[in-house]
Amino acid sequence: MKARIANVHRKTAETEIHARLNLDGHGQYDVSTGIRFLDHMLELWTRHGGMDLRLKAVGDLDVDQHHTVEDVGLVLGEALRQALGDKKGINRAGYFVMPMDETLGIAAIDLSGRPYLVMNAPLRVRCVGDLQAELLEDFFQAFASSARANLHLKVAYGRSSHHAVEALFKAFARALRYACSRDARLKKLLPSTKGLL
Ligand SMILES: [Mn+2]
């Protein structure tokens with residue numbers, strides 16, 4: 001089996017990001033974005049997703065976090081798309097329901113080639129840790145568009161905003177892990193009757 005690894009480098013006037021993503025990893029990470037809470041989320045995303053991720057982002061955080069958070073989402077989605085290659089033999093879709101103490105997070109993903117995000121996760125706080133809460137939607141929107149994935153995320157209930165975001169990232173990782181996993185019976189088949197994903 002060919003290793004499903006992608007290296008992505010993206011440089012603009014606002015951010016410079018290097019990423020190496022291995023879909024068939026061992027939960028090993030080395031993540032640095034300059035936003036500690038985002039690092040925390042990407043680290044547990046990597047571990048729960050059974051991937052390996054090395055990511056270094058240097059952005060214009062003196063402006064605000066928007067460019068960095070959005071571009072990290074873009075780069076991760078691009079890395080996923082590249083690592084998946086022709087998508088033959090994968091499950092393609094997946095979902096996970098993840099509790100975190102009093103909070104329940106739900107994620108569903110279809111690696112359909114059709115970018116679309118639906119996010120229903122109202123947070124009552126302006127920041128979670130050092131991360132501006134409103135940027136979470138920008139992150140997932142960027143990921144869905146560059147991965148060309150249909151991604152639905154929902155926080156069903158809960159009190160703690162830290163738990164809510166964490167439950168979402170864990171559910172996202174595990175839904176993605178299933179979607180990317182290979183189905184032994186499908187082998188070289190494309191998981192679509194359309195003939196294109
Ligand atoms: Mn935590």
Side-chain angles (χ1 to χ4, degrees), residues 15 17-59 61 64-77 79-80 83 94-109 117-144 146-147 149 151-181:
T15 66
I17 302 172
H18 286 92
R20 177 183 172 81
L21 178 68
N22 179 0
L23 289 181
D24 305 297
H26 299 88
Q28 301 302 306
Y29 50 76
D30 179 6
V31 174
S32 166
T33 65
I35 304 165
R36 203 44 209 110
F37 191 82
L38 183 59
D39 294 350
H40 179 36
M41 292 303 108
L42 296 179
E43 288 165 2
L44 59 85
W45 180 75
T46 304
R47 181 63 53 87
H48 284 255
M51 302 173 280
D52 292 333
L53 175 65
R54 204 160 63 216
L55 184 135
K56 172 89 177 157
V58 179
L61 295 176
D64 80 349
Q65 298 176 346
H66 189 103
H67 302 142
T68 299
V69 174
E70 189 170 51
D71 290 357
V72 167
L74 276 178
V75 163
L76 284 177
L80 175 77
Y95 70 92
F96 206 85
V97 180
M98 186 78 199
M100 172 120 197
D101 295 349
E102 85 299 340
T103 299
L104 195 73
I106 300 167
I109 190 162
L117 173 74
V118 178
M119 186 163 166
N120 184 350
L123 296 174
R124 288 181 300 271
V125 293
R126 203 173 70 81
C127 284
V128 196
D130 60 347
L131 173 68
Q132 295 168 242
E134 69 161 40
L135 298 180
L136 284 163
E137 185 156 346
D138 299 284
F139 172 86
F140 288 117
Q141 183 68 61
F143 182 94
S146 63
L151 178 61
H152 288 234
L153 296 167
K154 181 176 170 65
V155 175
Y157 47 77
R159 178 197 56 81
S160 158
S161 54
H162 186 116
H163 289 170
V165 180
E166 193 159 324
L168 271 192
F169 271 89
K170 288 176 178 170
F172 172 40
R174 289 181 177 274
L176 184 62
R177 181 176 180 165
Y178 185 83
C180 293
S181 293

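Note that ligands are numbered from 1 as they come in the structure, with each ligand's atoms numbered from 1 the same way.
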With rounding to the nearest 0.5 Å, note down the distance linking CG in L151 to CG in L117.
5.5 Å

How many angstroms lie between CD in E43 and CG in L38, if you round to the nearest 0.5 Å?
9.5 Å

Counting only heavy atoms not in E102, do more than 12 fall under 6.0 Å of its CD?
yes

Under a 4.0 Å threshold between the charged nitrogen and the carboxylate oxygen, would E166 count as salt-bridged to K170?
yes

Listing by chain and number, which protein N, O or S atoms are under 2.8 Å from the Mn ion (ligand 1)?
H40 NE2, H162 NE2, E166 OE1

Output the distance between atom CD (Q141) and atom CG (L74), rounded to the nearest 0.5 Å.
10.0 Å

Does F172 have its ring centroid less than 6.0 Å away from the ring centroid of F139?
no

